[in-house]
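I have placed the structure first, in the form of structure tokens, so that the comments after it can refer back to it.
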There are 2 protein chains.
Amino acid sequence: MLTVDQKAEPGVSAEQLPLLLGDLVTVANRLTRLAAQSTESAESPAVWRTLSTLVSLGPVRLGELARQSRVSQPTMTKIIRNLDQVDWVKRIVDVDDGRAWQIAITPKGEKALHDWRDTLAEALVPHFSDLAADELEHLIEATRILQQRVAVGTLLSKRDDA
Amino acid sequence: MLTVDQKAEPGVSAEQLPLLLGDLVTVANRLTRLAAQSTESAESPAVWRTLSTLVSLGPVRLGELARQSRVSQPTMTKIIRNLDQVDWVKRIVDVDDGRAWQIAITPKGEKALHDWRDTLAEALVPHFSDLAADELEHLIEATRILQQRVAVGTLLSKRDDA
DNA sequence: GCATAATGCATAGCCAAGCTATGTATATAA
DNA sequence: TTATATACATAGCTTGGCTATGCATTATGC
């Protein structure tokens, strides 16, 4: 019976997966808009995404930060210039390479990110506070799965590194 | 036992929900970037989001479209101007109100959206094709839940309409 | 019916996040 | 040493965001 189940499931995902992905990406973008509008944040998702990456990875090269954020290097240069100006990140000379910078989040940047997350939670909780336990479980697991799958370098083939 | 379970769950969600929402919004934004980068789409998420809304809702007023997309009206005016120029949407005189327009998606726009979704699926499937059946189930359910919750007008309190 | 207020959309102006192309300095390879 | 590659900055462009304002139409109040 387990063998039969395993044979059946790949077929299901092969049929459902493409449709799911379209819906998933669309609703993800809607959620991003909901977050932006409900927090009335003066900063953009790119800012929070960048700061989150620095918290997760620690100090990292500017180019690597761009890669992790899935944006071009000049875009990241611009984002960092803005964040540097408000002291949310700092540039550290990379002693191993005279061309490179290490970018690190500052305590001020960590606080800003923390504040944003608090504001976000407060704004969004009313949309989700009546979730049933199993629904909440789905969201928790889906978040975990997505975090794993969107992480840079996890593609099954080498295409993601191309 | 059911009563005990129900009493326990609200407490869990009250503690976990804020943290989950921060992670969820962050990963949603990452997914949007993954989608944009892997499809190499010349169009932005705002375009696909707008076209998707028109498919879902049918012809709708420009201002209502802005509201459904959670952007300001002038922003939507700009987006529609671009979509009108490439014949992905059409403007229809609103016979009930001389100030208003009805905006509808064209067959050409529907095809463009369909093509994008195909391209998206093709690009993203390698990231998700090895999902276990239960993982896939979590994503499917989470997508359904999010679609419900980000829909305009579903907030528990009236704040979303303010 | 007329005056006033409200509404729907367009325009204006600004900013930030995206991109590709190019430039400059440094590091690596031959 | 020279040629090539790499890391980041700059330049220029576009689009999606915003608020403020303008204009025409509609709704409301008297």
Side-chain angles (χ1 to χ4, degrees), chain A residues 29-30 32-53 59-86 88-103 116 161, chain B residues 29-53 59-86 88-103 161:
Chain A
N29 183 257
R30 290 191 191 288
T32 299
R33 283 307 310 153
L34 174 62
Q37 221 183 23
S38 55
T39 55
E40 297 175 16
S41 177
E43 265 70 42
S44 71
V47 168
W48 310 123
R49 188 182 67 224
T50 303
L51 293 179
S52 296
T53 302
V60 68
R61 279 193 184 181
L62 192 146
E64 181 59 19
L65 191 53
R67 202 171 78 87
Q68 294 288 334
S69 295
R70 297 185 186 272
V71 300
S72 67
Q73 169 262 310
T75 297
M76 187 51 75
T77 297
K78 205 185 292 187
I79 294 175
I80 293 299
R81 184 177 63 210
N82 294 336
L83 294 180
D84 191 13
Q85 277 191 340
V86 295
W88 286 2
V89 303
K90 61 188 170 186
R91 287 171 175 270
I92 304 164
V93 169
D94 189 322
V95 294
D96 295 328
D97 193 330
R99 306 166 296 184
W101 294 99
Q102 294 280 331
I103 309 292
W116 171 74
D161 295 332
Chain B
N29 182 256
R30 290 192 192 287
L31 183 63
T32 299
R33 284 308 310 156
L34 173 61
Q37 219 182 26
S38 55
T39 55
E40 298 174 14
S41 176
E43 265 70 41
S44 71
V47 168
W48 310 124
R49 187 183 67 224
T50 303
L51 294 179
S52 297
T53 301
V60 66
R61 280 194 184 180
L62 192 147
E64 180 61 18
L65 192 52
R67 201 172 78 86
Q68 293 288 334
S69 295
R70 296 185 188 272
V71 299
S72 66
Q73 169 261 309
T75 297
M76 188 50 75
T77 295
K78 206 185 290 187
I79 294 175
I80 293 298
R81 184 178 61 209
N82 293 336
L83 293 180
D84 192 13
Q85 277 189 341
V86 295
W88 285 4
V89 304
K90 61 187 170 185
R91 287 171 174 270
I92 305 165
V93 170
D94 190 321
V95 294
D96 294 329
D97 193 329
R99 304 166 298 186
W101 294 98
Q102 293 280 334
I103 309 292
D161 295 330

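Every chain is numbered from 1, with letters handed out A, B, ... down the list of sequences.
- Of the side-chain N and O atoms in B:T77, none sit less than 4.0 angstrom from OP1 or OP2 of C:dC9.
- The nearest whole Å value for the distance from the CD1 atom in B:I80 to the P atom in C:dG8 is 17 Å.
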**Request:** Show the numbers, then the answer: is there a side chain to side chain contact (heavy atoms under 4.5 Å, CB included) between B:T50 and B:I80?
**Result:** CA-CA 9 Å; B:T50 303; B:I80 293 298; 4.2 Å; yes
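- A straight line from CG of B:L62 to P of C:dT7 spans 17 Å, rounded to a whole angstrom.
- Remark: side-chain polar atoms of A:S44 are paired, donor with acceptor, to backbone N or O of A:A46 under 3.5 angstrom.
- Taking all atoms of both residues into account, the shortest heavy-atom contact from B:A66 to B:S72 is CB-O, 3.8 Å.
- Scanning all heavy atoms of the two residues, the minimum distance from A:Q37 to B:V71 falls at NE2-N, 3.8 Å.
- Across every non-hydrogen atom of B:N29 and A:P45, the tightest pair is ND2-CB, 3.3 Å.
- Between A:T53 and A:Q68, the shortest heavy-atom distance links the atoms CG2-CB, 3.9 Å.
- A:R33 places a side-chain N or O within donor-acceptor distance of the main-chain N or O of B:R70, the cut-off being under 3.5 Å.
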For nucleotides 26-28 of chain D, list the nitrogen or oxygen atoms of the protein found under 3.5 Å from its nitrogen or oxygen atoms, one pair per line.
residue, atom, partner, partner atom, Å
D:dT26, OP1, B:G98, N, 2.7

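- To the nearest angstrom, P of D:dT6 lies 15 Å from CD of A:E64.
- In this structure, CD1 on B:I79 lies 9.5 Å from CG on B:L62, to the nearest 0.5 angstrom.
- At least one side-chain nitrogen or oxygen of B:R61 sits closer than 4.0 Å to the OP1 or OP2 atom of C:dG8.
- D:dT19 atom P lies 15 Å from atom CE of B:M76, rounded to whole Å.
- Of the side-chain N and O atoms in A:R67, none sit less than 4.0 angstrom from OP1 or OP2 of D:dA7.
- Residues A:L51 and A:W88 share a closest heavy-atom pair of CD1-CE3, 3.8 Å.
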**Asked** Quick one: what's the B/S/- string for nucleotides 12-19 of chain C, heavy-atom cutoff under 4.0 Å, read 5' to 3'?
**Response** -B---BBB
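- Between the CH2 atom of A:W101 and the C1' atom of D:dA9 there is a distance of 11 Å, rounded to whole Å.
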